[in-house]
Amino acid sequence: MIDLKKLHDAVLTGDAKGAKATTEQALAAGIEPLKLVQDYMMPAMAEVGRRFESNDYFVPELLLSARAMKTALELIRPLLVASGVQPVGRVALGTVKGDLHDIGKNLVGAMLEGGGYEVIDLGVNVPPEQFVAAVKEKHANIVAMSALLTTTMPAMRTTIEALQQAGVRQQVKVLVGGAPISQKYADEIGADGYSESAAGAVAAAKRVMA
Ligand code: B1M
């Protein structure tokens with residue numbers, strides 16, 4: 001019997017080796033990969049955030065927890081992707097300019113790939129012109145933006161404006177998400193879709209493409 005709380009605690013304490021070992025054991029025992037992410041790893045990261053807010057954790061602890069989460073996700077990601085079907089669209093995905101958070105963005109990418117989309121991962125700190133270039137040169141049908149900071153949310157609006165100025169806004173759908181983003185904000189900036197979770201991003205992509 002695997003104690004899955006160990007995975008939660010490994011992410012919380014930044015123990016990458018422990019996170020990897022428990023994830024390996026859990027996957028070998030046939031536990032559903034998404035359950036590991038949603039029920040253990042994400043709550044641990046939420047607690048990391050709470051400790052950061054209350055000054056019990058500082059940036060080094062955030063980095064260690066992020067590394068532990070990423071180590072476990074490296075094992076899980078291929079399994080999320082493998083559940084997919086035929087390619088149904090091409091998504092240019094990135095964390096917006098000024099923002100270096102990529103764990104959620106990577107999960108969204110894995111879920112979209114699992115949902116049958118081809119994902120062009122532009123990485124983090126992606127300037128508007130790079131999203132525009134992905135639409136023009138790589139013929140993305142969806143621009144998917146992630147932001148984790150209230151200070152970087154406005155880069156989503158700037159990117160939509162850049163798509164308009166480049167004359168390509170009509171040929172793409174824009175999806176937005178990330179902890180500080182809401183449906184209200186998505187509507188305000190003229191995005192076509194919003195999701196609060198990685199799994200929901202697939203449904204949102206399907207909705208906007210329909
Ligand atoms: Co940062 N950070 N961080 N951080 N960090 C937050 C976001 C923060 C809320 C912590 C806090 O104060 N409680 C806070 C932001 C406050 C605010 O803006 N109001 C914060 C801060 C302040 C900062 C710095 C400024 C700290 C500093 O240097 N003083 C700095 C900024 C650096 C920068 O980006 N320029 C910073 C740095 C970092 C690290 C680099 C140390 C590290 C990131 C490592 C990495 O990503 N490689 C880090 C971390 C780990 C966090 C927390 C603790 C965890 C983020 C995370 O990975 N969550 C975070 C606190 C928190 O979120 N509770 C925090 C797990 C992940 C699976 O969830 O990313 O929300 P999330 O993604 C979800 C959904 O949001 C959604 O799906 C995902 C899965 O369901 N989603 C989408 C995301 N994108 C989507 C796109 C979609 C659809 C859904 O469609 C396209």
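These numbers were taken from a predicted model, which means no experiment stands behind them. First listed ligand is number 1; within each ligand, the first listed atom is number 1.
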| Pairs touching residues 142-161 that satisfy side-chain hydrogen bond (donor to acceptor under 3.5 Å, both in side chains), sequence neighbours left out |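 Applying side-chain hydrogen bond (donor to acceptor under 3.5 Å, both in side chains) to every pair that reaches into residues 142-161, excluding sequence neighbours, yields Asp99-Thr152.
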
| When you look at Thr13 and Asp15, which way does the side chain to side chain donor-acceptor pair (under 3.5 Å) test go after all the steps? | CA-CA 6 Å; Thr13 58; Asp15 172 11; 5.1 Å; no

Closer than 4.0 angstrom: is that true for some heavy atom of [X] and an atom of ligand 1?
{"X": "Met41", "value": "no"}
{"X": "Leu107", "value": "yes"}
{"X": "Gly178", "value": "yes"}

| field | Pairing of Lys70 and Asp102 as salt bridge, 4.0 angstrom limit | value |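 Looking at Lys70 and Asp102, the cut-off is met.
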
Checking the side chain of [X] only, and the main-chain atoms of [Y] only, is there a donor and an acceptor separated by less than 3.5 Å?
{"X": "Ser195", "Y": "Ala201", "result": "yes"}
{"X": "Tyr194", "Y": "Lys184", "result": "no"}
{"X": "Arg77", "Y": "Leu107", "result": "no"}

Can you name the atoms of ligand 1, numbered from 1 with element, that are less than 4.0 Å from a heavy atom of [X]?
{"X": "Lys70", "answer": "47 (N)"}
{"X": "Ala66", "answer": "44 (C)"}
{"X": "Glu53", "answer": "11 (C), 12 (O), 13 (N)"}

| task | Mind checking whether Val176 contacts ligand 1 via backbone (N, CA, C, O), side chain (CB onward), both or neither, at a 4.0 Å heavy-atom cut-off? | result |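 For Val176, only backbone atoms sit under 4.0 Å from ligand 1.
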
When you measure from [atom] to each heavy atom in [options], which option holds the nearest one?
{"atom": "atom 79 (C) of ligand 1", "options": "Ala201, Ala44, Ala198", "value": "Ala198"}
{"atom": "atom 75 (O) of ligand 1", "options": "Gly104, Ala179, Pro180", "value": "Ala179"}
{"atom": "atom 34 (O) of ligand 1", "options": "Leu100, Thr95, Leu93, Leu112", "value": "Leu100"}

| task | Give a yes or no on whether atom 38 (C) of ligand 1 lies under 4.0 Å from any heavy atom of the protein. | result |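 Protein heavy atoms within 4.0 Å of atom 38 (C) of ligand 1 - there is at least one.
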
| message | Could you check whether atom 24 (C) of ligand 1 has a protein contact, counting only heavy atoms that fall below 4.0 angstrom? | response |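 There is no protein heavy atom less than 4.0 Å from atom 24 (C) of ligand 1.
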
| query | Backbone or side chain, does any N or O of Lys105 fall under 3.5 Å from an N or O of ligand 1? | reply |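 No.
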
| message | Counting neighbours of CD on Glu188 that are heavy atoms of other residues, nucleotides or ligands and sit closer than 6.0 Å, is the number greater than 12? | response |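 Counting other residues, nucleotides and ligands, CD of Glu188 exceeds 12 neighbours.
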
| request: Mind listing the protein N/O/S atoms less than 2.8 Å away from atom 1 (Co) of ligand 1? Waters don't count. | output: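 For atom 1 (Co) of ligand 1, the protein N, O and S atoms that sit under 2.8 Å away are His101 NE2.
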
